[in-house]
Amino acid sequence: MYKRYLYGDGPGAKQESTQSSQTKQEKSADSVQDIMTTAVTKCWEKVEESCDRFKNSDVLQNARGPTDKRKQSSWKTVRVFVSSTFTDFFNEREVLVKKVFPELREWCEDRSLYLVECDLRWGVPKDSTTSDTIYTCMEEIDRCHSENEGTPFFINLTGERYGWVPSDEEVPVDIKSQYDWISGTSITFMEIMHGAYRKRNPNAVFFLRDGEFCKDIPKEYYEKFYKRFVDADPVQKEHLRVLKQKLRARFPDQVFPYSCQMEGVTEEIGTGRATLKLKGLDDFAEKVQTFLQGAISRTYPDQKADKNPDPELQEMENQRLFMEKKSEFVAGREDLLKTMLSYAKGETPVGLQLTGGNDKSFVRDPVYWGLEKGDNPLLCLSGPVGYGKSTIMAKLAQEAEKCGIAVVYHFVGCSSDSRQTEKMYRRIIQTITGEELDDMPPEEQDCMKFYKDKFRNCLPRLRKDDKAILLLIDAMNELVDNNAYSHLSWLPPMFPGKIRCIVSTADNHFPTLHRLEEHPFYHAKMAALTIEDARLIITHTLARFNKRLAPDEMDLILSQGCVDNPLWVWLITEELRLFGDFRTLSTKIKSISVSVDGLLASVIKRLILDDDTGYMKKAVSVIGCSQGGVPVHDLMNLLGDIDQKEALPALYWAKIRRHIKPYVRTVGTREYLTYSHSAISKAVEDTVLTSKDEVKTYHTTLADYYLTWSTDKYINVEMVPYHCTQAGLKQRLINFLRKSPDSVSMPDFVRARYFQSMRCKNLADPVLPSIQDAVICMACSMKKSTFAPRFYDNKSSCVVCGSQIFGHRPAVRAHYCAFHSVGQSERIGKCHVCENVVGKDPSRKQQLGMAYGQLCDRCSFGNDAKKCCLILSD
Ligand SMILES: [Zn+2]
Ligand SMILES: [Zn+2]
Ligand SMILES: [Zn+2]
């Protein structure tokens, strides 16, 4: 019997029905057969039970409908989970990764959908048998569930293998309860249950491979490959047979048989690792593509092309998601919320004193803002880092909205753009005033002043307006220019009419506090966590993982000095939850640092020490070097091989993410990954990014990646300048700003800012005899601009920043400093573009077959007109 199963039947899909009737006939005669049928039947009884439990949620899903309630214009993420056994689907996965997904990704982008493939097996050479893997797989499916309306896109590939069956001890207890784990089944089987079967997921598709080709495995490789492709164990064979039958019955339109042929065996040079090559997979590829396109169109029928995604809409969406996520967990603080809410409603906040209002109000100038009697002072919430200010602010935004107040909120630090004062301000003004802001005209110098004037001019109108508006800005101390003199100069000292404004800041950031104190404001301070609150938080958090502390252990924690800080309490709870050895828990508690910084430092060290992928340190560092986060897709590539353009295997990445998950958050559809708290970023800087050279190397890696591999121009234009600047790669930055099509969309004033910072700092006052004009030879003057990726010619480009110079104003000529004028004279110049010799008119009046280099308004503002125009690349 055993032998027959091993070599006799080529159990292809077509033969299955006859095979199954044979099996029935032989069953009574064969006790081995009995035992295994019982085993399989028992598993399926449990499956049916668990399906019953999911019935209700099934109904719920259908009632909710497949369409997204969110704004139609915004981008959405589509996750496709690929489920299969490990060793026998290399060929198919290669087809998916290299052919199907790239095409599908483009198709998705035309519909403003962002495709993320989750193939955890890709690139992982062998079966992985840790409980970590089980966690990783199941959580990955959970993500797909939660992001794609409860009906994740799920591809299963099934051949002649049932897959690895973990023993009862190998499956952790909480996994068993969380996922209704059916013991004695394989991990691939459980993926099917969780991702498709139980909820009868309409977006799941099953590809059953005909095993015929196995006959053609070359003789010398037969032993080696046959067991990689066909299960020998009779119980597993029976499992597989029933599984295929059940899938066909439950998903009649979602199961596709396919066949393929042997191509041969290739051996890797060096390692000698042999791979079996299959051919004839075109049909398979096409079916996957067709099914997924159909399923995606059904789920997101209204998605339209959005070739120029509006960054402000995206930011609004990021802010909304952050606010919703943050406001979920509020512990206590009800009195504080109530007080702030009454202020938002226009009442006088009970228990809060008006403070501040010293006479040194020169930055936030009351005369400029035209204050009137009866305008409303601000309310500021301050507190130590980690006390949960953002959470309160998020909850407040929600509560105020419920009261019918129009809330305009901005959480600094929730996305990469959110720290930029200009972008934040523009968005806020547009939302409050309801007016579309024009782009800044080229003759303006100062973007913030331009916006400020616009805002001020709207205030008189808003004073008469009857609409209640609450402006909420969280973590003002984390704005990029938080130490500049002009910090908060854009914030009106008071707000007119029915506008109220609540801001928050860390109480150790004096520039922010001092600016606020220039004018009277209500000051609300976050109180420390009480012992009882701390006890509650710890108990509840651990209970979610079926864990509990003994009373003496709890008392030990509550006696620590830091227990009034919610961040510390949360961090220590995480540490204890992950700590395996309960007998030494007290010793562990005693060893934990009693400061937030110290505790975070040990958390980061632990992450790196416990990591078995070898990529944790780099991941932590790269996120730490980013400006407001790295898109997950990019991070996987960055951790892989940049030269070969090979991403890190998804399983490794999923493992890393599982461990850093508590300390990071993702923002937006492109999934920018960033640390969830500024204290964590700081701890990474202090523990991992200590060597300047190493930090430079990370920035270089990032710059290289965005210059050579990433094709997303919206991300490139944001990342390349930042990382080039940090890594000191001036020449690469210059090339990018001047030549790359990706930088076309960059506003002129931003480009100008980068060039200004790379300009030679020497003076070049043309009254001095040693100073020479910048000139451009005849040929170069008519060529397309060398200084910016634009269509006008060199003679109408600013020689510093490349913006266009129009003829309607007197030209400002560009000069070289004495040092850079060496070798030139009043008769002989050097072309600024090609460096060829150019003849000049000594009187500096006529243009003898050449053009004078010119400076735009921005590059010739004030003293800059008399500065050398050369851009220095080192
Ligand atoms: Zn310029
Ligand atoms: Zn110079
Ligand atoms: Zn030239």
Side-chain angles (χ1 to χ4, degrees), residues 439-447 721 730-731 733-734 736-739 743-744 746-790 792-825 828-840 847-874:
D439 283 334
M440 186 171 71
E443 63 273 14
E444 291 280 343
Q445 292 306 316
D446 182 344
C447 193
K730 287 191 184 171
Q731 191 55 53
L733 176 56
I734 294 170
F736 179 80
L737 296 172
R738 286 187 175 162
K739 295 183 189 138
S743 82
V744 170
M746 187 182 263
D748 279 341
F749 76 93
V750 178
R751 193 192 311 271
R753 201 178 293 162
Y754 287 117
F755 278 117
Q756 284 294 351
S757 70
M758 293 187 282
R759 201 171 157 180
C760 170
K761 303 273 182 292
N762 295 338
L763 271 181
D765 192 336
V767 298
L768 299 171
S770 56
I771 299 303
Q772 297 299 325
D773 299 298
V775 292
I776 303 173
C777 75
M778 174 79 106
C780 290
S781 73
M782 287 180 300
K783 280 185 196 151
K784 189 178 145 301
S785 178
T786 316
F787 306 103
R790 298 279 163 84
Y792 42 83
D793 52 22
N794 274 320
K795 66 176 183 300
S796 24
S797 299
C798 169
V799 293
V800 170
C801 74
S803 28
Q804 187 166 15
I805 292 177
F806 300 95
H808 57 73
R809 60 162 189 83
V812 179
R813 284 195 200 168
H815 304 91
Y816 300 122
C817 65
F819 178 69
H820 289 120
S821 295
V822 169
Q824 302 171 45
S825 69
I828 303 285
K830 213 164 72 176
C831 171
H832 191 74
V833 180
C834 69
E835 302 199 350
N836 284 339
V837 172
V838 176
K840 297 196 294 188
Q847 305 200 0
L848 304 165
M850 54 86 171
Y852 285 104
Q854 300 185 67
L855 296 176
C856 71
D857 287 321
R858 272 182 208 104
C859 300
S860 62
F861 185 66
N863 266 346
D864 287 346
K866 291 178 186 163
K867 252 173 40 192
C868 179
C869 69
L870 220 69
I871 301 298
L872 303 179
S873 60
D874 46 34

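Atoms within each ligand, like the ligands themselves, are counted from 1 in listed order.
- Summary: ND1 is the N/O/S atom of His820 found nearest to the Zn ion (ligand 2).
- Ser821 places a side-chain N or O within 3.5 Å of a backbone atom of Gln772 that can act as its donor or acceptor partner.
- Seen from the Zn ion (ligand 1), atom SG of Cys798 and atom SG of Cys859 lie 110° apart in angle, a value rounded to 10°.
- Residue contact annotation: Cys777 places an N/O/S atom under 2.8 Å from the Zn ion (ligand 3).
- At the Zn ion (ligand 2), the angle from SG in Cys868 to SG in Cys760 is 110° when rounded to 10°.
- Two residues are said to be in side-chain contact when any heavy atoms from C-beta on lie closer than 4.5 Å; Lys783 and Val833 fail this criterion.
- For the Zn ion (ligand 2), the set of nearby N, O or S atoms under 2.8 Å includes none belonging to Cys869.
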Open item on the list: Could you walk me through whether Phe787 and His832 satisfy the side chain to side chain contact (heavy atoms under 4.5 Å, CB included) test, starting with their C-alpha distance in whole Å, then the side-chain angles of each, then the deciding distance to 0.1 Å, before giving a yes or no?
Closed with: CA-CA 11 Å; Phe787 306 103; His832 191 74; 3.5 Å; yes
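- Closest approach of Lys867 to Cys760, counting heavy atoms only: CE-O, 4.2 Å.
- Around the Zn ion (ligand 1), the angle linking Cys856 (SG) with Cys801 (SG) is 100°, rounded to 10 degrees.
- Partner of Ser785 under the side chain to side chain donor-acceptor pair (under 3.5 Å) criterion, out of Ser796, Ser803, Ser797: Ser797 alone.
- Put simply, the residue from Gln824, Lys840, His815 that forms a side chain to side chain donor-acceptor pair (under 3.5 Å) with Asp773 is His815.
- Considering the Zn ion (ligand 3) as centre, the angle to SG of Cys780 and to SG of Cys834 is 110° (10° rounding).
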